[in-house]
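Step one of this worksheet: look at the structure below.
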There are 2 protein chains.
Amino acid sequence: MDVMTDLPHPARDEIRIEAVLHALADPVRLQMVRVLAQLPDDGGIACGAIELPISKSTRTHHIRTLREAGVVWVRPEGTARLTTLRRDDLDALYPGMLDGILKAPR
Amino acid sequence: MDVMTDLPHPARDEIRIEAVLHALADPVRLQMVRVLAQLPDDGGIACGAIELPISKSTRTHHIRTLREAGVVWVRPEGTARLTTLRRDDLDALYPGMLDGILKAPR
DNA sequence: ATCGAACTACGATAGTCATCGAACTTCCAT
DNA sequence: ATGGAAGTTCGATGACTATCGTAGTTCGAT
């Protein structure tokens, strides 16, 4: 009864920089963000569509970490979860941070 | 005999974004960086001079994490360790990131 | 020479977290 | 209505890490 529950997102003013940095510090999550950053903001991609050498449950875990930190929006669409980068919020809170990180040499 | 050994720093091209983000994600270390960011880059501050509610050994641990990630320079000066932000390297690698993070609402 | 200040090294501990597999839910096609 | 596809939840596990106190080192000042 508790499955497929609502997906809580922090409001912009609830986003904490420590949580954002922690979310982005993981290689898997950073890769996810890199992929998301190349998509149109109004689009969204199914979590599973990002190819990564990890299991489904680990994927869920990482997406949740990003969502709870305020880095991504996740909205249900059928059985899928469409994920988009919260670029406007991040840019407003930490102007230049996201672009700077994404400019990192691979 | 291994004490007070040399302080290894990564070269600019050895700095990894994951390590930098992980270093900055800790509240104590982020506070250290905030303090360092307000000092002139050619100055430097003794690690112990940054007031924080932590023990000496924990302080050492955090400074080392920042140093090994490439976030700060640490140079011995007598018995003290003068610490400075590697602003030029971080700005070159991740332009805008540092300023963006420092603009974060407290 | 000795003492204290500043810091490091070490070991311990408790907490967090990335990872997985298995079982479950939800929804869409057939 | 059945089956599969997409995700979630739930432990469990191993790795990492933030913290501390204690002991040790280095260096400057007395």
Side-chain angles (χ1 to χ4, degrees), chain A residues 1-9 16-33 35-36 43-69 71-84, chain B residues 1-9 16-33 35-36 43-69 71-84:
Chain A
M1 185 68 70
D2 203 14
V3 163
M4 291 296 185
T5 186
D6 309 281
L7 300 170
H9 295 76
R16 295 170 307 120
I17 183 66
E18 292 91 346
V20 171
L21 293 172
H22 172 257
L24 297 177
D26 182 272
V28 171
R29 290 192 292 262
L30 185 56
Q31 179 58 27
M32 286 176 168
V33 169
V35 171
L36 292 173
I45 188 174
C47 314
I50 306 175
E51 55 172 319
L52 289 165
I54 56 174
S55 70
K56 273 195 307 181
S57 46
T58 301
R59 205 176 290 260
T60 295
H61 163 69
H62 285 308
I63 294 283
R64 177 160 50 123
T65 300
L66 289 170
R67 172 176 54 79
E68 291 178 347
V71 176
V72 299
W73 292 112
V74 183
R75 92 187 120 92
E77 189 85 15
T79 71
R81 300 282 180 273
L82 294 193
T83 305
T84 57
Chain B
M1 185 68 71
D2 204 13
V3 163
M4 291 297 184
T5 186
D6 308 281
L7 301 170
H9 295 76
R16 295 171 307 119
I17 183 64
E18 293 91 347
V20 172
L21 293 173
H22 172 257
L24 297 177
D26 182 272
V28 171
R29 291 192 291 262
L30 184 56
Q31 179 58 28
M32 285 176 167
V33 169
V35 171
L36 292 173
I45 188 174
C47 314
I50 306 176
E51 56 172 320
L52 289 165
I54 55 174
S55 70
K56 274 195 306 179
S57 46
T58 301
R59 205 176 289 259
T60 296
H61 163 69
H62 284 307
I63 294 284
R64 177 159 52 122
T65 300
L66 288 170
R67 171 176 54 78
E68 290 178 348
V71 176
V72 300
W73 291 113
V74 183
R75 92 188 119 91
E77 189 85 15
T79 72
R81 299 283 180 271
L82 295 193
T83 305
T84 57

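Throughout, protein chains are lettered first and strands after them, A, B, ... in sequence-line order, and every chain is numbered starting at 1.
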* Secondary-structure notation, DNA chain D, from Watson-Crick and G-U pairs under 3.5 angstrom (| other strand) -> ||||||||||||||||||||||||||||||

* Structure fact -> Of the candidates D/dG7, C/dT19, C/dA6, the side chain of A/T60 sits closest to D/dG7

* Asked: How long is the gap from CG on A/L30 to CD1 on B/I17, to the nearest 0.5 Å?
  -> 7.0 Å

* Asked: Within this structure, what is the CG-to-P distance between A/L82 and C/dT26, rounded to whole angstrom?
  -> 19 Å

* Short side-chain to backbone donor-acceptor contact, A/R67 and A/P8, under 3.5 Å -> yes

* Would one find a side-chain N or O of A/R29 under 4.0 angstrom from OP1 or OP2 of C/dA18? -> yes

* **Atom-to-atom span, CG of A/L52 to P of D/dG7 - whole angstrom** => 13 Å

* Structure fact -> A/R64 atom CZ is separated from D/dT9 atom P, nearest whole Å, by 7 Å

* Can you tell which of D/dC20, C/dC17, D/dG7 lies closest to the side chain of A/A46? -> D/dG7

* **Minimum-distance nucleotide to A/S57 side chain [options: D/dG7, D/dA18, C/dC20]** => C/dC20

* Structure fact -> Walking DNA chain C from its 5' end, the first of B/G48 and A/K56 to be reached, judged by nearest nucleotide, is B/G48

* For atom CD1 of B/I54 and atom C1' of D/dG21, their distance in whole Å -> 14 Å

* Separation of atom NE2 in A/H61 from atom P in D/dG11, rounded to whole Å -> 17 Å

* Under 4.5 Å between any side-chain heavy atoms of A/K56 and A/T60, yes or no? -> no

* To do: For the pair A/R75 (side chain) and A/L7 (backbone), establish whether a donor and an acceptor sit closer than 3.5 Å, ignoring hydrogens and angles.
  => no

* To do: May I ask you to evaluate whether A/R81 reaches the phosphate of D/dT8, defined as a side-chain N or O under 4.0 Å from OP1 or OP2?
  => yes

* Taking OP1 and OP2 of D/dA18, is either one under 4.0 Å from a side-chain nitrogen or oxygen of B/H22? -> yes

* To do: Report, as yes or no, whether the 6.0 Å neighbourhood of atom CZ on A/R59 holds more than 12 heavy atoms from other residues, nucleotides or ligands.
  => yes

* **Heavy-atom donor-acceptor pair, B/T79 side-chain to D/dG28 base, under 3.5 Å** => no

* Asked: Atom CG of B/L66 to atom C1' of D/dA18: distance rounded to whole Å?
  -> 13 Å

* Nearest heavy atoms of B/L21 and A/L24, plus distance in Å -> CD1-O, 3.4 Å

* Asked: Is A/R81 reaching over with its side chain to a backbone N or O of A/C47, donor-acceptor style, under 3.5 angstrom?
  -> no

* To do: May I have the distance from A/R67 (atom CZ) to D/dG7 (atom P), rounded to whole angstrom?
  => 14 Å

* Can you tell me the distance, in whole Å, between the CD1 atom of A/I50 and the C1' atom of D/dA6? => 14 Å

